Amino acid sequence: MNIERITQRLADADHHIRHQNTGTPKEFAEKLNISESLLYELLATLKKMGGPIAYSRNRNTYYYEHPVAFKFGYDPASSKE
């Protein structure tokens, strides 16, 4: 799997989690067009990156426990060379 595909999947997962419309793990995997086992790996990666991800059985959705901003890439920096 290439890095562009991985980063797009992470961003797509973040979008659904942020809007609390993931559905069950099976439904979430289907929305991302991946297997459930790959979904769990993706969620583990997001958590390792600091994502405060939780799951609500009442609402059947993943959500962030507190507001966060998902960023993957470079921020402009000033150069002092």
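Here the structure is a predicted model, which means the values were calculated and not measured.
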Heavy-atom side-chain contact between [X] and [Y] under 4.5 Å:
| X | Y | result |
| --- | --- | --- |
| L32 | L42 | yes |
| L38 | R9 | yes |
| I53 | Y63 | no |

Listed partners of T7 passing side chain to side chain contact (heavy atoms under 4.5 Å, CB included), at least two apart: I3, F72
Residues that A44 engages under side chain to side chain contact (heavy atoms under 4.5 Å, CB included), provided they are two or more places apart: none
Between T61 and S56: side-chain donor-acceptor atoms closer than 3.5 Å: no
Expected output: side-chain H15 to main-chain A11 donor-acceptor under 3.5 Å: no
Under 3.5 Å donor-acceptor, R59 side chain and G23 backbone: no
Quick one: [atom1] on [X] to [atom2] on [Y], what's the gap to the nearest 0.5 Å?
| X | Y | atom1 | atom2 | result |
| --- | --- | --- | --- | --- |
| K48 | L43 | NZ | CG | 12.0 Å |
| N60 | K26 | CG | NZ | 13.5 Å |
| H16 | T22 | NE2 | OG1 | 9.0 Å |
| R57 | T24 | CZ | OG1 | 11.5 Å |
| F70 | L46 | CZ | CG | 5.5 Å |
| E30 | L39 | CD | CG | 11.0 Å |

Heavy-atom pair of closest approach, residues P25 and E36: CB-OE1, 3.9 Å
Where at least one partner belongs to residues 34-61, residue pairs that pass ring-ring contact (aromatic ring centres under 6.0 Å, His included), sequence neighbours excluded: Y55-Y62
